[in-house]
> 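Pasting a structure below so you can have a look.
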Amino acid sequence: MEHLKLNAQMRDVRGKAVRHLRRDGFVPVIVYGGALEDAMSLQVNERELSRALNKVGASALIDIQVDGRIYPVLARSVQRHPMRHTLLHVDFLSVRLDRPIQANIPVVAVNESPLVERGEAILVTGTDTVSVEALPERLPPHIDADLSILTDLDVNILARDLILAEGVTLVTDPETVIFAVTPPALEVEEEPAEAAAEDAEDELEVELDEGIDSGDAAETDE
């Protein structure tokens with residue numbers, strides 16, 4: 001299977017000096033694990049890296065090419081600027097294609113719950129990813145969850161209900177709730193709420209009055 005390719009160069013810049021690297025249009029990255037004895041510090045063109053991550057996500061393999069050698073990797077940690085959302089740093093896990101690995105795969109909702117369509121319930125998401133194990137090239141980009149089976153308030157979509165491709169094994173607890181439906185929130189009438197607020201104010205006034213009276217009594221005793 002052909003993977004997306006990404007060119008990288010060895011990086012000597014460390015610490016605060018990487019700011020200059022980013023100004024020149026490069027992102028510092030680390031490649032670790034797999035057959036590597038030591039982690040590699042690399043730099044990658046920011047535009048090329050951004051396009052690659054947007055295209056393959058976190059569960060598809062990327063071939064990083066460094067000094068004529070190719071390393072199949074998965075993106076494991078992506079750090080972005082909190083305001084500009086530009087790439088700051090990426091950790092890549094080097095993998096061996098002949099050994100299974102675990103990865104978190106996003107769950108994508110497909111179709112619609114009849115209850116939600118009729119306005120009789122609202123959809124609740126328990127988790128948006130599940131952990132699976134498979135050979136690197138068998139990891140799916142996402143896993144579909146069919147919401148059309150949510151026809152009753154007592155029905156949930158659990159991790160064990162997800163349909164996995166051949167060679168993919170679920171690692172997440174099978175009883176983990178992925179999607180559920182609940183009744184719509186009931187509207188609260190204003191009058192009872194106002195009455196409750198008034199009662200709370202009355203109680204507070206009584207407490208304050210009692211506190212003042214106690215303070216006066218203490219002063220008198222002295």
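Residues: numbered from 1 along the sequence shown.
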> Treat each ILVMFWY residue as a node, draw an edge where side-chain heavy atoms are under 4.5 Å apart, and state whether V130 and I149 are in one component.
yes
> Taking a hydrophobic cluster as the set of Ile, Leu, Val, Met, Phe, Trp and Tyr residues connected by side-chain heavy atoms closer than 4.5 Å, whether directly or through intermediates, do L53 and L21 fall within one such cluster?
no
> Out of I122, L150, L123, which one pairs with S113 under the side-chain contact (heavy atoms from CB on, under 4.5 Å) rule?
L150
> Quick check for you: to the nearest 0.5 Å, what is the distance between I143 atom CD1 and L162 atom CG?
6.0 Å
> So how far is it from T86 OG1 to Q79 CD, rounded to the nearest 0.5 Å?
11.5 Å
> Could you grab the distance from atom CD of E46 to atom CZ of R51, nearest 0.5 Å is fine?
9.5 Å
> Ignoring hydrogens, what is the shortest heavy-atom contact between P184 and G119? Give both atom names and the distance.
CG-O, 3.6 Å
> Output the distance between atom CG (L158) and atom OG1 (T176), rounded to the nearest 0.5 Å.
8.0 Å
> Atom NE2 of H142 and atom CG of D128: how far apart are they, to the nearest 0.5 Å?
14.0 Å
> What's the separation between atom CZ in R80 and atom CG in L88, rounded to the nearest 0.5 Å?
9.0 Å
> Using distance only, find each side-chain donor-acceptor pair of residues 168-175 under 3.5 Å and give its atom names and separation, not counting sequence neighbours.
{"from": "T172", "atom 1": "OG1", "to": "S131", "atom 2": "N", "distance (Å)": "2.7"}
{"from": "D173", "atom 1": "OD1", "to": "E175", "atom 2": "N", "distance (Å)": "3.0"}
{"from": "E175", "atom 1": "OE2", "to": "R160", "atom 2": "NE", "distance (Å)": "2.9"}

> If every non-hydrogen atom of L115 is compared with every non-hydrogen atom of L153, which pair is closest and at what distance?
CD1-N, 3.8 Å
> Who are the side-chain hydrogen bond (donor to acceptor under 3.5 Å, both in side chains) partners of Q102, not counting sequence neighbours?
none
> Please lay out, stage by stage, how L139 and L74 fare under the test side chain to side chain contact (heavy atoms under 4.5 Å, CB included).
CA-CA 11 Å; L139 290 173; L74 292 170; 3.9 Å; yes
> Show me, pair by pair, the donor-acceptor contacts under 3.5 angstrom made by side chains of residues 28-44, not counting sequence neighbours?
none

> Going by the salt bridge (charged side-chain N to carboxylate O under 4.0 Å, His left out) test, which pairs reach into residues 98-115, not counting sequence neighbours?
R96-D98
> So does N54 have more than 12 non-hydrogen atoms from other groups sitting under 6.0 Å from CG?
yes
> Partners of N156 by side-chain hydrogen bond (donor to acceptor under 3.5 Å, both in side chains), sequence neighbours excluded?
none
> Which atom pair, heavy atoms only, marks the closest approach of S148 to P114?
O-CD, 3.7 Å
> Please report the closest heavy-atom contact between N45 and F26, naming both atoms and the distance.
N-CD2, 3.7 Å
> Test of understanding: clusters of I, L, V, M, F, W, Y form through side-chain heavy atoms closer than 4.5 Å, transitively. Do L135 and L61 belong to the same one?
no
> Say whether I105 and I157 are linked into one hydrophobic cluster, either directly or through other cluster members, by side-chain heavy-atom distances under 4.5 angstrom.
yes
> Please determine whether residues I178 and V181 belong to a single hydrophobic cluster, defined as Ile, Leu, Val, Met, Phe, Trp and Tyr linked transitively by side-chain heavy-atom distances below 4.5 Å.
yes
> How close do P136 and L97 get, counting heavy atoms only, and between which atoms?
CD-O, 3.9 Å
> Identify the heavy atoms of A109 and F179 that sit nearest to each other, and give their distance.
CB-CZ, 3.8 Å
> Give every residue pair that meets the salt bridge (charged side-chain N to carboxylate O under 4.0 Å, His left out) criterion with at least one member in residues 141-159, sequence neighbours excluded.
none
